[in-house]
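Following: one structure in structure tokens, then a few remarks.
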Amino acid sequence: MRHPSVLEYRRFRYLKTSLFFTLAGLALYIYMRPGGEAVPYPFGATVTGYALGITAAFFMLILTLFGLRKRRYAAGRSNLNGWLSAHVYLGLAVPVLATLHCGFSFGWNIHTTAYALMICVVASGIWGMYRYTLVPRAITANLGEQSLDQCLEQITELDRQIRRDVLELPDEINALTERALAGTRIGGGPFAQLTASGERARTRLPLKMLEARGAAGKGDQGRRARDLYALLIRRSALVERANRDIRLRAQLQFWLVLHVPLTLAMWVALIAHVTSVLYYW
Amino acid sequence: MRCLLLTVTRNRRGEAVRDGRVISAETLNIGRNSASEIHLPDARVRLHHATLTQTSERRLVLEVHGDPVLLDGKEVRSAHLRPGMTFRIGPYNCEVELPIPEGFEPHDFALSVEREDIKPKADKAIKRRPMSLKEAGFSPWAAGVLAAIVALICLIVIPRMDDFSSRAATLGANAPAVIALKNGWTAGPLAAGHRSFGNDCKACHTDPFQPVADSRCIACHASATPHIANIALRVSGKEERCASCHRDHRGLNGMLEQSPTLCADCHANIHANYPKSTLANAGDFADVHPAFRLSVMQAGAKQIETVAQTGKTQQLAYLGLKFPHDVHLAARGVAAPEIKTGQQTVTDAKGTRVVMHCADCHVPSPTGVGFEPVSMKDNCSQCHRLEFQPGNARQVPHAQPAEVMATLRDFYAAAALGTEPIVASSSAGIEKVVISASTAKPLGVNPGKTAAEASRATELAARDIFTVRVCVTCHTVNPTGDAAVPYAIAPVAGVQHWMPDSHFEHSAHAAVGCAECHPVSRVHDADVIAMPTIETCRTCHAGNKPVAGKVTSGCALCHDYHMHPDSKTTLAENAAGVLPAKEMAGPKATGARSNALVEESH
């Protein structure tokens, strides 16, 4: 049986909720400005504006509460799938409601700052959602049943074998191989993780050299060279998989590193926005 | 050469355990290669790192092929070895020793090889680097707290610095970034007139979390008038504050409220809010607007009244003049004693006549709003000559009857002294008097007769011009019974503003012919008000909804919100509750502001 996606939760209950509020807001907005006469200066400070703004703010509150709710997985009786489904769909409604709330008026001020941060939050959310539809599958396809640690252990074991075998081979291959092994980077800082890809050029140097010398080696030397080549190829594939795993997982985490701080900054901006409006009533 | 190779390992207690075997060879190869006699398996050792040979003098020689070898702490490429010397290749310490006499096959020297117990770098597993963002120290919530703090400082603390202390307010007060952040709290750019306040928000926003009070507006705009000046008409709780309509922070002209629905909020159903109002409901000009009401002074009336245009009957206003537009605008022209250059004429068997146009009399005023007053001197006198004595070009002044009489008396008294006889008569010629020439009556002879002739001539000429020919052409003349000034002219009302609550600019309508709104070419009676009805306006003006080929027209196109400046009550007085007694009288009070006798064309 196919596992139902959170997006289809309860037959798209929250998609319908979100669409209802979006279309209602849109209808209210269009009704309130036939020919632009009723609201010649579309600001938030009309009955329509307040209604749209309060609805959007209420949605944002629910959306933010999801962040707290999901950290307590077992808490309460409410269904986390439902929360996530609501989070996605209500989150998509907020830019529409907020845009109607501001009546397409933008400026260099805290009001538009709050709006811009909200757009960034939603954009990072959409990106995250998109990553979540692709990345977990890619992670499984990449490492299969293996864990990253098992993969790293395999690499360590291969290194040991390669170091032993390469001792019998000419100095230049030995040196290149040692540099390649020592120079292999798996993981690292956030940037390195997000951009981690295959192996660095120098780690391929021994392979290139072995390729250049061809399989011409005779006797023990030739056999050893061919063995080393096979080992290096295996190792290269493993390193690439490890790095891809790290990159995919980093991408899966990174959007949240944007999503959460942007959300908190947005709340500060939103509080400033509401306060400023009421302060200068 | 025979060498005892002693491989040294350490047992658990750290004691050296030496295991030896004798190697016989001409040359001892030292290297990583397993074929080497002295096999040192480590990546830092070359495949063929060095060789040991024995000279003919049985001296031991070390020759290095790879990286230099540390011999007793010095780097060397070749050396003679003596027992007790130690050299190091990669991780291996090699010591040349004297032969060991017992336990081993005979040999020339011994070489102990011990791998130093430091784990070489090459043997380490891959250095463990952070494998996830979390391991790299990236926590969404930690970053979130940081972002929130940055946002708090930039969006709240710096902009509100002034609220914390006056000392804090001076921090970085001139830094562009600080100024930009402080400006971030404004809702939008100020109106042009309010830009002089600069960043002084408190100029209007005196109290936090309180709406801007009207008193702050009136502090400068003291002379503005209220919409409903009459307090008796106001409904408690219905009055809006200034900022209900005039909202700042909407750009240069943002405070000029033009929204028609704002008016319609009350006026579309005016009696619901103001039961005593005399106004009709007014919403959209296209469909919800009452017929125009004209402020007119009708014949016999004491004051100006407002009369609705019904469309069926003509509205009359007392003008006090006879002016037949139909006669003057006739296509066949009007007879004129003289024709000025440039005047359009018509010539037929009866002679040449001038064809008149609206603009001959109605000259636009410099403001473009209305027209210059029509005057006898500028507009009538070319044709309407005030000549009183046939055959004489002398005219009476266009002045009060007393002055006219004085002119007549002077003329005929002088004539009595003249040398030519003169005949004065009423136009019908029924009565006439002959003033004989002075040559026929020597001076001093019968002066009483001469005076009587002049007096009689004056009387007849006055009757002629007042009641038959000249004055009566345009004016209503009433006899007074006073011999000195026997006639009176009925008052002339002049032109008044018939629609004082609207503004209309004639120059803005120059593309439309006069007659399209004012069809007077067939109107004979000057009292007929040829003002367009609302239907006439609607042929070109749509309401709030745009219509192809029509001008979209909101309330403010014709109406002002604030009362006419004639209404003396200002917002300041209104706010103080001070109202002149006349303003308390009722809605009629506003109608009285158009003076019946203003000599103004509007």
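Each chain gets a letter, A, B and so on, in the order the sequences are listed, and its residues count up from 1. Atom set for the values below is all heavy atoms of this structure, side chains included, hydrogens, waters and symmetry mates excluded.
Ranked by heavy-atom pairs shorter than 4.5 Å toward chain B, the options A:Leu167, A:Val257, A:Ile110 are led by A:Leu167. Of the listed residues (A:Pro190, A:Gly107, A:Gly188), the greatest number of heavy-atom pairs within a distance under 4.5 Å of chain B belongs to A:Gly188. In terms of heavy-atom pairs under 4.5 angstrom with chain B, the leader among A:Glu157, A:Gln253, A:Arg249 is A:Gln253. Taking chain B as the reference chain and counting heavy-atom pairs below 4.5 Å, the highest number among A:Gly189, A:Ala192, A:Gly187 is found for A:Gly187. Ranking A:Val277, A:Leu262, A:Thr263, A:Thr275 against chain B, the residue ahead of the rest is A:Thr275, based on heavy-atom pairs under 4.5 Å. Contact count versus chain B (heavy atoms, under 4.5 Å) is highest, among A:Asp171, A:Asp245, A:Leu256, A:Leu194, for A:Asp171.
Contacts of A:Leu252 with chain B are absent, with no heavy-atom separation under 4.5 Å from either backbone or side chain. Contacts between A:Gln193 and chain B at a heavy-atom distance below 4.5 Å involve the side chain alone, from C-beta outward. Within the 4.5 angstrom heavy-atom criterion, only side-chain atoms of B:His39, from C-beta onward, approach chain A. Within the 4.5 angstrom heavy-atom criterion, only side-chain atoms of B:Ile156, from C-beta onward, approach chain A. Both the backbone and the side chain of B:Ser132 come within less than 4.5 Å of a heavy atom of chain A.
Side-chain contact of A:Thr177 with A:Arg163: a donor-acceptor pair under 3.5 Å is absent, judged by distance alone. There is a side-chain donor-acceptor pair under 3.5 Å between A:His111 and A:His273. Remark: the A:Gln146 side chain and the A:Gln154 side chain contain an N/O donor-acceptor pair separated by less than 3.5 Å.
Shown are A:Leu228, A:Leu181, A:Leu232; of these, the side-chain contact (heavy atoms from CB on, under 4.5 Å) with A:Val166 is made only by A:Leu228.
Formation of a donor-acceptor pair under 3.5 Å by the B:Arg88 side chain with backbone atoms of B:Gly90 is found in this model. Under the 3.5 Å distance criterion, the side-chain polar atoms of A:Glu168 are left unmatched by any main-chain donor or acceptor of B:Asn33.
Between A:Ala269 and B:Leu155, the shortest heavy-atom distance links the atoms CB-CD1, 3.4 Å.
Using a cutoff of 4.0 Å between basic side-chain nitrogens and carboxylate oxygens, A:Arg224 and A:Asp165 are not scored as salt-bridged.
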